[in-house]
2 protein chains.
Amino acid sequence: MSESVGRWLRDEIENAILSNEFGPGARLDETMLATRFGVSRTPVREALMQLNAIGLVDIRPRRGAVVIDPGPHRIYEMFEVMAELEGLAGSLAARRLNEESRDAITAAHKRCEISAGAGDSDGYYYDNEAFHKAIYAASRSEFLEEQCAQLHRRLRPYRRLQLRVRNRLSTSFAEHSAIVAAIFAGDVEQARSLLRAHVGIQGERFSDLVASMATR
Amino acid sequence: MSESVGRWLRDEIENAILSNEFGPGARLDETMLATRFGVSRTPVREALMQLNAIGLVDIRPRRGAVVIDPGPHRIYEMFEVMAELEGLAGSLAARRLNEESRDAITAAHKRCEISAGAGDSDGYYYDNEAFHKAIYAASRSEFLEEQCAQLHRRLRPYRRLQLRVRNRLSTSFAEHSAIVAAIFAGDVEQARSLLRAHVGIQGERFSDLVASMATR
DNA sequence: AAATGCGATCTTGTATGCAAGATTATTGAC
DNA sequence: GTCAATAATCTTGCATACAAGATCGCATTT
């Protein structure tokens with residue numbers, strides 16, 4: 001609570017959305033949220049506007065805010081863009097690698113190896129996140145890093161769903177190893193295409209997942 | 001004024017920033033803005049938060065909002081990402097082209113030809129914008145289209161600066177022609193690399209421009 | 001019985017008020 | 001004369017109040 005109430009509320013509501021407590025299509029009543037969090041409507045409105053700007057909620061004038069439902073197709077589009085941005089990050093990382101970035105990537109990769117070996121799906125989920133963040137940072141492009149982190153965050157729930165798929169952990173880790181090798185070898189184009197494929201496949205697998213769920 | 005005051009204010013302040021009336025680093029005093037536009041502080045605050053989310057202003061708790069000064073290096077980073085996204089849009093356009101998109105691109109390209117031939121820098125500026133928007137739309141990826149449009153908008157002022165450079169109009173138009181040919185031929189990789197180069201070069205030229213201005 | 005019009009109620013959008021932190025000016029000491 | 005500390009002022013952040021549009025329900029009509 002050391003920060004302003006508005007920012008705190010934004011994170012709080014964002015988490016509630018990402019953890020599916022407020023599912024897609026849910027109405028976000030200002031008064032309801034205000035009483036729930038014990039604040040007035042003003043900071044609630046501010047939080048909602050920020051979530052609107054991020055793309056998590058839709059605000060229609062005089063009609064309130066609702067949680068956006070991206071739908072499988074749009075989620076696939078988001079993975080497509082994510083793949084491209086990660087590919088760029090990987091290529092820049094391969095070109096500009098320094099010792100600090102190299103160590104950070106190595107450490108994150110090691111942690112992934114441990115959790116993947118243990119079959120710890122939740123653990124791998126977090127370590128995987130750190131691994132990708134290390135690559136963003138290694139690109140040495142602050143803007144790209146921010147864009148990647150933001151999109152990564154929005155895709156979080158779907159990636160989580162994704163890792164539950166059988167054998168995905170070891171496949172993902174094997175891909176990581178190849179990516180690390182390419183970056184460390186300074187192979188710009190290889191790093192780009194491997195990362196693009198790594199993320200892109202996630203998107204495709206995701207839509208498979210959704211499709212299989214929908215037909216049931 | 002049919003819309004809400006908040007949205008109107010957001011556009012108003014955004015324009016003031018993009019047209020350099022509020023230059024980089026300028027303090028955006030809430031009360032000042034409120035009296036200037038004849039409204040209360042509440043909608044001003046909302047507008048500022050939206051601009052903060054877009055990335056145009058920086059809001060530090062209890063210390064007010066200031067117009068962000070990206071600096072040449074960060075602007076170059078933004079062009080770098082823009083190049084990648086446009087490349088993706090171009091490749092998707094080449095793969096998914098339909099008659100409607102084809103006509104839209106052709107029409108926009110024709111308008112560019114006319115204004116470029118007339119040496120009309122301002123006219124070309126708008127037609128060029130429409131041309132790129134036509135390619136975003138042709139990608140048939142709504143998410144990508146939105147991302148491109150948003151970044152394109154943020155880079156607007158710098159691109160404008162850019163077109164003043166000598167011979168840039170005819171060079172740009174020639175590049176457009178090659179891009180259109182690649183997309184219409186369905187050459188996915190060619191469309192991607194041409195667009196990437198087209199935008200990327202803008203970024204490089206921009207930093208040249210800034211560097212030459214800075215040394216004076 | 002279904003549909004449409006009217007009114008009550010609820011929700012959002014904007015304004016204003018008040019408290020707390022930040023900035024600035026003034027005063028005092030060295 | 002300069003630096004530091006304290007007080008006054010200003011600005012932001014949150015809460016509350018009020019107005020206007022949207023939603024929902026009821027009644028009336030066809």
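Order of the sequence lines fixes the chain letters, A, B, ..., with proteins taken first and strands second; residue numbering starts at 1 for each chain. Treat the numbers as computed from the prediction; the structure is a model and nothing was measured.
Residues that satisfy the ring pair (Phe, Tyr, Trp, His ring centres under 6.0 Å) test with Tyr158(A), not counting sequence neighbours, are Phe206(A).
Of the residues in residues 30-47 of chain B, those with a non-hydrogen atom less than 4.0 angstrom from any atom of DNA chain C are Val39(B), Ser40(B), Arg41(B), Thr42(B), Pro43(B).
Atom CG of residue Asn128(B) and atom NE2 of residue His152(B) lie 6.0 Å apart, to the nearest 0.5 angstrom.
Ring geometry, His176(B) versus His109(B): the interplanar angle falls from 30° to 60°, so the pair is classed tilted.
Counting non-hydrogen atoms of neighbouring residues, nucleotides and ligands closer than 6.0 angstrom, the CD atom of Glu142(B) reaches no more than 12 such neighbours.
Sorted by first and then second residue, the salt bridge (charged side-chain N to carboxylate O under 4.0 Å, His left out) pairs with a member in residues 34-57 of chain B read Arg45(A)-Glu46(B), Glu46(A)-Arg45(B), Glu21(B)-Arg36(B), Glu30(B)-Arg41(B), Glu30(B)-Arg45(B); sequence neighbours excluded. The ring pair (Phe, Tyr, Trp, His ring centres under 6.0 Å) pairs that include a residue from residues 68-89 of chain A number zero, where partners must be two or more places apart or lie in different chains.
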Would you be so kind as to tabulate the donor-acceptor pairs closer than 3.5 Å made by side chains of residues 80-100 of chain A, with sequence neighbours excluded?
{"from": "Glu80(A)", "atom 1": "OE2", "to": "Arg96(B)", "atom 2": "NH2", "distance (Å)": "3.4"}
{"from": "Glu84(A)", "atom 1": "OE2", "to": "Arg196(A)", "atom 2": "NH1", "distance (Å)": "3.1"}
{"from": "Glu84(A)", "atom 1": "OE2", "to": "Arg192(B)", "atom 2": "NH1", "distance (Å)": "2.4"}
{"from": "Glu86(A)", "atom 1": "OE1", "to": "His132(A)", "atom 2": "ND1", "distance (Å)": "2.8"}
{"from": "Glu86(A)", "atom 1": "OE2", "to": "His132(A)", "atom 2": "ND1", "distance (Å)": "3.4"}
{"from": "Glu86(A)", "atom 1": "OE2", "to": "Tyr136(A)", "atom 2": "OH", "distance (Å)": "2.5"}
{"from": "Ser91(A)", "atom 1": "OG", "to": "Leu88(A)", "atom 2": "O", "distance (Å)": "2.8"}
{"from": "Arg96(A)", "atom 1": "NH1", "to": "Ser139(A)", "atom 2": "O", "distance (Å)": "3.0"}
{"from": "Arg96(A)", "atom 1": "NH2", "to": "Glu80(B)", "atom 2": "OE2", "distance (Å)": "3.4"}
{"from": "Asn98(A)", "atom 1": "OD1", "to": "Glu100(A)", "atom 2": "N", "distance (Å)": "3.4"}
{"from": "Asn98(A)", "atom 1": "OD1", "to": "Ser101(A)", "atom 2": "N", "distance (Å)": "2.9"}
{"from": "Asn98(A)", "atom 1": "OD1", "to": "Ser101(A)", "atom 2": "OG", "distance (Å)": "2.8"}

* Asked: Going through the distances and angles, do Arg156(A) and Glu129(A) end up as a salt bridge (charged side-chain N to carboxylate O under 4.0 Å, His left out)?
  -> CA-CA 9 Å; Arg156(A) 214 183 229 171; Glu129(A) 203 158 283; 2.9 Å; yes
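The interatomic distance linking Gln50(A) (CD) with dG13(D) (P) rounds to 11 Å, in whole Å. In this entry the distance linking CE of Met49(A) with C1' of dT14(C) reads 13 Å, nearest Å. Rounded to whole Å, atom P of dT9(C) lies 18 Å from atom CG of Asp29(A).
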Considering only nitrogen or oxygen atoms on both sides, find all protein atoms under 3.5 Å from nucleotides 21-24 of chain C and state each distance.
{"from": "dT23(C)", "atom 1": "OP1", "to": "Arg63(B)", "atom 2": "NE", "distance (Å)": "2.8"}
{"from": "dT23(C)", "atom 1": "OP1", "to": "Arg63(B)", "atom 2": "NH2", "distance (Å)": "2.7"}

